[in-house]
Every structure is written in C-alpha cells, then in structure tokens.
Amino acid sequence: MAAAEVHSENPAVTSGAPRAVWVVKVDSRSGKLVRSLAVAELRVGTVPDVRSLIDEAAKSFDVNPLLVDSVIQVESNYNPFAVSPKGAQGLMQLMPATAQRFGVTNSFDPKQNIDAGVRYLKFLQDTFQDDRLAIAAYNAGEKAVAKYGDVPPYPETVSYVSKVGKKYGQAKRAAGKDKQVKDDPAQSEAKNVEEPKASDEPRHILAYVDPEGKLHIGTR
C-alpha cells in the first residue's frame with residue numbers, strides 16, 4: 001500500500017503552490033476505479049498540525065501513536081499528497097475502497113486520512129490480536145492474512161512489516177529511555193522494548209464467508 005512516488009523529505013508542507021495529484025475514486029454506477037488528475041493546494045499557515053492529529057486519533061481509537069507514526073513514515077513519509085501506483089492516497093495511503101468504507105470524502109485531507117487510517121489499524125488489531133499481523137493486513141488486506149494465517153509471503157508485505165516493525169521498535173525504545181531518564185535521571189539506559197511480533201502461543205485464524213458474501217475473521 002505504500003506510496004512509490006511523490007515523496008517529500010519535509011513533513012511540514014509550507015508552500016502555497018498548487019500541486020497536481022492523481023485522484024482515484026470508485027464509480028458509483030460501474031463499481032470500477034476511475035483515475036483523474038486534480039489540483040490540490042495547501043496555503044501557508046493553514047497546514048494542520050499532523051502530530052496533534054495523530055495523537056488525537058490514536059487516543060480516540062486506542063492505538064499507540066508510535067505505531068501510527070511508524071506506519072505513516074513507511075507509507076508516505078508524511079507527504080499528504082502521496083499517491084501510489086495502485087491508487088493509495090494521502091498520509092496513510094488509503095485505498096479508495098478503504099476510504100469509502102470509513103466515510104472519507106477527501107483522502108488528501110490530513111484529518112480525514114489519519115482518522116480513517118487509525119480506525120482501520122484498530123479494526124485490524126482487534127481482528128487479529130497481534131500487531132505484526134495487523135501491520136501485514138494493513139498492507140496486504142485482511143483476506144490475505146486470513147488465508148495464510150500469518151504474514152503473507154509477498155515480498156512487498158514481508159518488507160513492509162519489517163520496515164514498520166523496525167521503526168516502531170526504535171520509537172518504543174526511545175520512548176522507554178526518555179521515560180526512564182525522566183523518572184530517574186541517574187539511569188542512562190532503558191530496558192529493551194522488542195518490536196511487535198507474534199504471540200509466543202500460536203493463534204489459529206478462523207475465516208468464513210456468510211450467505212451475503214461478507215468475510216468474517218476471528219482468532220482462537
């Protein structure tokens with residue numbers, strides 16, 4: 001799902017110049033994806049505080065903000081206009097179907113994008129009860145994870161889980177050190193915090209399709 005183009009090295013967009021972006025939407029009549037060129041603009045002084053949006057969404061949906069930050073880094077490098085070759089859009093690289101699923105009307109709006117992305121992460125965490133599988137599903141989809149019962153053996157997904165997991169682990173270690181120094185300045189090192197991984201006890205993923213064609217996933 002990660003964007004392969006339109007990356008920005010600076011998380012803060014300060015230019016008011018219009019930018020051409022590809023917008024992919026689902027045609028309500030045909031159900032097909034329609035790709036069109038649109039012009040998006042952010043004016044100086046009107047760019048929202050993305051960090052605050054992350055903290056607010058993470059708190060609202062009970063997701064670690066460090067995980068959200070790690071996903072955004074890998075997905076778009078904090079470029080709100082990022083568009084992938086597959087049509088994923090914005091900071092958290094929402095696919096059109098996912099954006100529609102969570103009521104997003106503009107995937108390039110940072111607040112809508114982050115809220116939907118965090119809600120989706122929470123749904124995946126609740127579904128698979130495992131951060132590693134949630135991260136894999138964010139990239140490859142729930143059906144792929146349910147099919148393999150683990151991280152799907154797709155090179156892109158394996159690499160994605162590794163990248164997000166590494167950043168998430170580093171962020172938690174840094175946060176642990178900061179907390180320990182604050183609690184006890186005499187301590188210079190914090191206890192190691194491992195990257196997200198599967199539970200020591202194997203989980204069995206159960207999936208079935210109901211008469212209406214909806215996929216249901218559970219673990220035991």
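Heavy-atom basis, side chains included; hydrogens, waters and symmetry copies ignored.
Ring planes of Y138 and Y160: parallel class, angle under 30° (limits at 30 and 60°).
In this structure, Q112 and G103 approach most closely via the heavy-atom pair OE1-O, 4.3 Å. The nearest pair of heavy atoms linking V118 to A57 is CG1-O, 3.7 Å. Looking at every heavy atom in both residues, F108 comes nearest to A82 through CE2-O, 4.0 Å. Pairing each heavy atom of V158 with each of P152, the nearest pair is CG2-O, 3.7 Å. Here the closest heavy-atom approach between residue S84 and residue Q93 is recorded as CB-OE1, 3.4 Å.
Checked against side-chain hydrogen bond (donor to acceptor under 3.5 Å, both in side chains), Q125 has the following partners two or more places apart in sequence or in another chain: D131. The side chain to side chain contact (heavy atoms under 4.5 Å, CB included) search around A99 returns L94, V104, S107, not counting sequence neighbours. Scored by the salt bridge (charged side-chain N to carboxylate O under 4.0 Å, His left out) test, D115 finds K111 as partners (sequence neighbours excluded).
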- V145/V151 under side-chain contact (heavy atoms from CB on, under 4.5 Å): CA gap, chis, key distance, verdict: CA-CA 6 Å; V145 175; V151 176; over 6 Å; no
Let me see the working for V161 and N139 under side-chain contact (heavy atoms from CB on, under 4.5 Å), right down to the final yes or no. CA-CA 8 Å; V161 172; N139 176 264; over 6 Å; no
query: Do F128 and E142 pass the side-chain contact (heavy atoms from CB on, under 4.5 Å) test, and can you show the C-alpha distance, the side-chain angles, and the key distance before you say yes or no?
result: CA-CA 9 Å; F128 296 106; E142 303 118 80; 4.3 Å; yes
Checklist line | side-chain contact (heavy atoms from CB on, under 4.5 Å) assessment of R132 paired with D150 | finding: CA-CA 9 Å; R132 180 167 158 272; D150 200 348; 3.1 Å; yes
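The number of heavy atoms from other shown groups lying within 6.0 Å of NZ (K163) does not exceed 12.
With rounding to the nearest 0.5 angstrom, the CE atom of M92 is 8.5 Å from the OG atom of S76. Considering CG of N113 and CG of N106, their distance stands at 9.0 Å, rounded to 0.5 Å. One distance of note links CZ of F102 with OH of Y120; it measures 7.0 Å at 0.5 Å rounding. In this structure, CG in L121 is found 11.5 Å from CD1 in I114, a value given to the nearest 0.5 Å. For the atom pair Q100 CD and M95 CE, the distance stands at 12.5 Å (nearest 0.5 Å).
Ion pairing between a basic and an acidic side chain is recognised when a charged N comes within 4.0 Å of a carboxylate O; D126 and K122 show such pairing.
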Distance-only donor-acceptor pairs under 3.5 Å for side chains of residues 60-73, two or more places apart:
| residue | atom | partner | partner atom | Å |
| --- | --- | --- | --- | --- |
| S60 | OG | E56 | O | 2.9 |
| N64 | OD1 | L66 | N | 2.9 |
| N64 | ND2 | Y168 | OH | 3.3 |
| D69 | OD1 | R51 | NH1 | 2.7 |
| D69 | OD1 | Y78 | OH | 2.5 |
| D69 | OD2 | Q73 | NE2 | 2.8 |
| S70 | OG | L66 | O | 2.8 |
| S70 | OG | Y168 | N | 3.3 |
| Q73 | OE1 | K167 | NZ | 3.4 |

